Amino acid sequence: MLQQTQVDTVIPYYNRWLESCPDLQCVAEKNIQEILTLWEGLGYYSRCRNFYSAVKEVVKNHGGNVPSEWKQFRALPGVGDYTAAAVMSIAFHKPLPAIDGNVYRVMARVLGIKHLTPYNKNRIKNRLEKWIDTDHPGDFNQALMDIGARICRPNKANCIGCPLSDFCKASALGTPNQYPTRKKKKPIPHIKVVAGLVWFKDTFLILQRPNTAMLGGLWEFPSGKITSASHPSKELQSIMKNEIGLTVTIGEEIGSVHHVYSHFSMTFSVFHCFIEHKESLQSHGPFRWIKPSEIPCYPFPKANHKIFDLLEFSK
DNA sequence: AATGCGTGGGC
DNA sequence: TGCCCAAGCAT
């Protein structure tokens, strides 16, 4: 949960998770849909799918016990060098430095490293392997991460009161914020998407996204990119026909929301749509006709919830 | 090595 | 408001 996600954001999800699913056996007994619903809203859903796979693997191959050896734990899906070192040091007291984005920044400043090249990252690792408190490796790692998160901030290094300032090169130079250099991000493209809330009686249609795609395993309304300059409702009608073979009547526009993903942004316009009879639809994947009251049973992306909010389908 | 992958908070 | 950034990992 903590990968690329702030602690304060994770805490409520973590608590909710433990309340409904307190141990690995419990995770293994649930299906992926229930697990994704626990994760819903946290983002980076491959973390959730990987965790689920890892739990299955631990139950099947390790007798339900989390491996206490680096090599076996590191091999689990979704576990990289950082996560492996964090768990090994905190849970099993192994003297391995857990190097996250905070620690790279703090150490770059302490050592006066401008560029986080692979060579310099390796220097940081070697230095921490010497410095780590072998009696309390977990505390050492967490302390260093906390210094990064609370004191040695990316654009706001508060050297006054920092326990490392006496031997920090970047602080001595007076320009700690300039360490390490950061590359500017490329601008992300913007797309226009139109979607339909397709009603049949008191149910509407949802489709499940493929596991390997972005937002994999989550559910959504049938939708498509707006490509031409024609009227959105005309475009929506042809999307419905071409993608799932439904001939729909376009109704009122529910609304339009803006949503920013990590690598693109979109305006998401959703219209009520209606069908007279339950036609057979040619779906590429799983689909359901659900009532608004069933929304909490399925994981939906944030953009879809923004539409639910407009409809006051409160969850 | 560079890119894809969500969402929310801070300023 | 529009960026930057967050207890990274997989490919």
Side-chain angles (χ1 to χ4, degrees), chain A residues 1-14 36 38-54 73-91 96-107 115-122 125 128 137-158 177-178 180-191 209-218 220 257-266 268 299-306 309:
Chain A
M1 284 181 172
L2 288 166
Q3 292 168 8
Q4 290 290 279
T5 306
Q6 295 187 349
V7 176
D8 289 343
T9 301
V10 163
I11 286 173
Y13 283 86
Y14 177 80
L36 275 172
L38 284 173
W39 199 277
E40 181 184 16
L42 199 49
Y44 283 166
Y45 297 93
S46 66
R47 293 179 299 177
C48 184
R49 299 192 301 271
N50 282 334
F51 178 66
Y52 187 62
S53 302
F73 187 81
R74 174 67 177 77
L76 294 170
V79 176
D81 284 346
Y82 160 73
T83 302
V87 171
M88 289 301 104
S89 64
I90 296 169
L96 301 166
I99 312 174
D100 72 337
N102 288 309
V103 175
Y104 276 126
R105 182 178 60 256
V106 171
M107 289 301 291
H115 304 285
L116 280 177
T117 60
Y119 172 78
N120 281 330
K121 287 185 174 182
N122 198 48
K125 183 182 167 203
L128 285 173
D139 290 344
F140 177 92
N141 283 334
Q142 291 180 75
L144 209 47
M145 288 189 281
D146 279 343
I147 288 173
R150 299 170 187 281
I151 299 172
C152 195
R153 307 287 299 281
N155 294 305
K156 205 171 52 180
N158 298 317
N177 292 347
Q178 294 177 21
T181 58
R182 281 151 282 176
K183 53 185 169 187
K184 52 187 172 230
K185 276 177 192 161
K186 283 189 292 192
I188 59 179
H190 180 82
I191 63 170
R209 297 178 59 81
N211 268 314
T212 52
M214 175 183 171
L215 303 165
L218 277 66
E220 63 181 2
V257 298
H258 189 256
H259 193 72
V260 181
Y261 292 104
S262 49
H263 55 299
F264 68 93
S265 64
M266 69 168 184
F268 190 49
F300 288 96
K302 196 69 188 179
N304 292 67
H305 273 291
K306 289 182 179 177
D309 290 346

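Residue numbering restarts at 1 for every chain, and letters A, B, ... go by the order of the sequence lines. Just so it is clear, the model here is predicted, and its values are computed rather than measured.
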>> Any side-chain N or O of Arg153(A) below 4.0 angstrom from OP1/OP2 of dG10(B)?
In response: no
> To the nearest angstrom, how far is Arg150(A) atom CZ from dA6(C) atom C1'?
Replying inline: 13 Å
> Counting only N and O atoms by type, is there a donor-acceptor contact under 3.5 Å from the side chain of Arg47(A) to the main-chain atoms of Met1(A)?
Replying inline: yes
> Could you give the NZ-to-P distance, from Lys121(A) to dA1(B), as a whole number of Å?
Replying inline: 9 Å
> Quick one: is dC11(B) close enough that its OP1 or OP2 comes under 4.0 Å of any side-chain N or O from Lys156(A)?
Replying inline: yes
> Taking all non-hydrogen atoms of both residues, which atom of Gly41(A) and which atom of Tyr13(A) are closest, and how far apart?
Replying inline: C-OH, 3.2 Å
> Which part of the nucleic acid, if any, lies within contact of Asp146(A), taking any heavy atom under 4.0 Å across all strands shown: a base, the sugar-phosphate backbone alone, or nothing?
Replying inline: base
> If you take all heavy atoms of Arg182(A) and Asn177(A), which pair is closest and at what distance?
Replying inline: NH2-O, 3.0 Å
>> Can you measure Gln4(A) atom CD to dA10(C) atom C1' for me and round it to whole angstrom units?
In response: 13 Å
>> Looking only at the side chain of Ser262(A) (C-beta and beyond, no hydrogens), which of the listed nucleotides dA7(C), dA6(C), dG6(B) gets closest?
In response: dG6(B)
> Can you check the Glu220(A) CD to dG6(B) P distance for me, whole Å?
Replying inline: 12 Å
> What about Thr5(A), does its side chain sit under 3.5 Å from the base of dG8(B) through a donor-acceptor pair?
Replying inline: no
>> Looking at Tyr44(A), I'd like to know whether one of its side-chain N or O atoms comes within less than 4.0 Å of OP1 or OP2 on dG4(B).
In response: no
>> Rounded to whole Å, how long is the line connecting atom NZ of Lys185(A) with atom P of dG6(B)?
In response: 15 Å
> Within this structure, what is the CZ-to-C1' distance between Arg47(A) and dA6(C), rounded to whole angstrom?
Replying inline: 10 Å
>> Judged by each residue's nearest nucleotide on DNA chain B, which is more toward the 5′ side, Lys302(A) or Lys183(A)?
In response: Lys183(A)
> Out of dT7(B), dC5(C), dA10(C), which has the shortest distance to the side chain of His259(A)?
Replying inline: dT7(B)
> Starting at the 5' end of DNA chain C and moving along, which residue's nearest nucleotide shows up first, Gln142(A) or Asn50(A)?
Replying inline: Gln142(A)
>> Please find the pair of heavy atoms, one from Pro180(A) and one from Arg105(A), that lie closest to each other, and give the distance.
In response: CD-CG, 3.9 Å
> How close or far is atom P of dC3(C) from atom NZ of Lys186(A), stated in whole angstroms?
Replying inline: 16 Å
> When the nearest nucleotide of DNA chain C is assigned to Gly78(A) and to Gln6(A) on a heavy-atom basis, which residue is associated with the more 5' position?
Replying inline: Gln6(A)
>> Students often get this wrong, so: under 4.0 angstrom with heavy atoms, is Gly148(A) touching a base, only sugar-phosphate, or nothing?
In response: nothing
>> Please pick, from dG6(B), dC5(C), dG8(C), the nucleotide with the shortest atom-to-atom distance to any side-chain atom of Tyr82(A).
In response: dG8(C)
> Any side-chain heavy-atom pair from Leu215(A) and Tyr261(A) closer than 4.5 angstrom?
Replying inline: yes
> When the C1' atoms of dA2(B) and dA7(C) are considered, how many whole Å apart are they?
Replying inline: 23 Å
> For Met145(A), which contact category applies under a 4.0 Å heavy-atom criterion: base, sugar-phosphate, or nothing?
Replying inline: base
>> Measure CG/Asn155(A) against C1'/dG10(B) and give the value in whole Å, please.
In response: 11 Å
>> Rounding to an integer number of angstrom, what distance separates dC4(C) and dT3(B) when you compare their P atoms?
In response: 15 Å
>> Taking the ring centre of each residue, are His259(A) and His305(A) less than 6.0 Å apart?
In response: no
>> Measuring only the P atom in each nucleotide, how far is dG8(B) from dC9(C)? A whole number of Å is fine.
In response: 22 Å
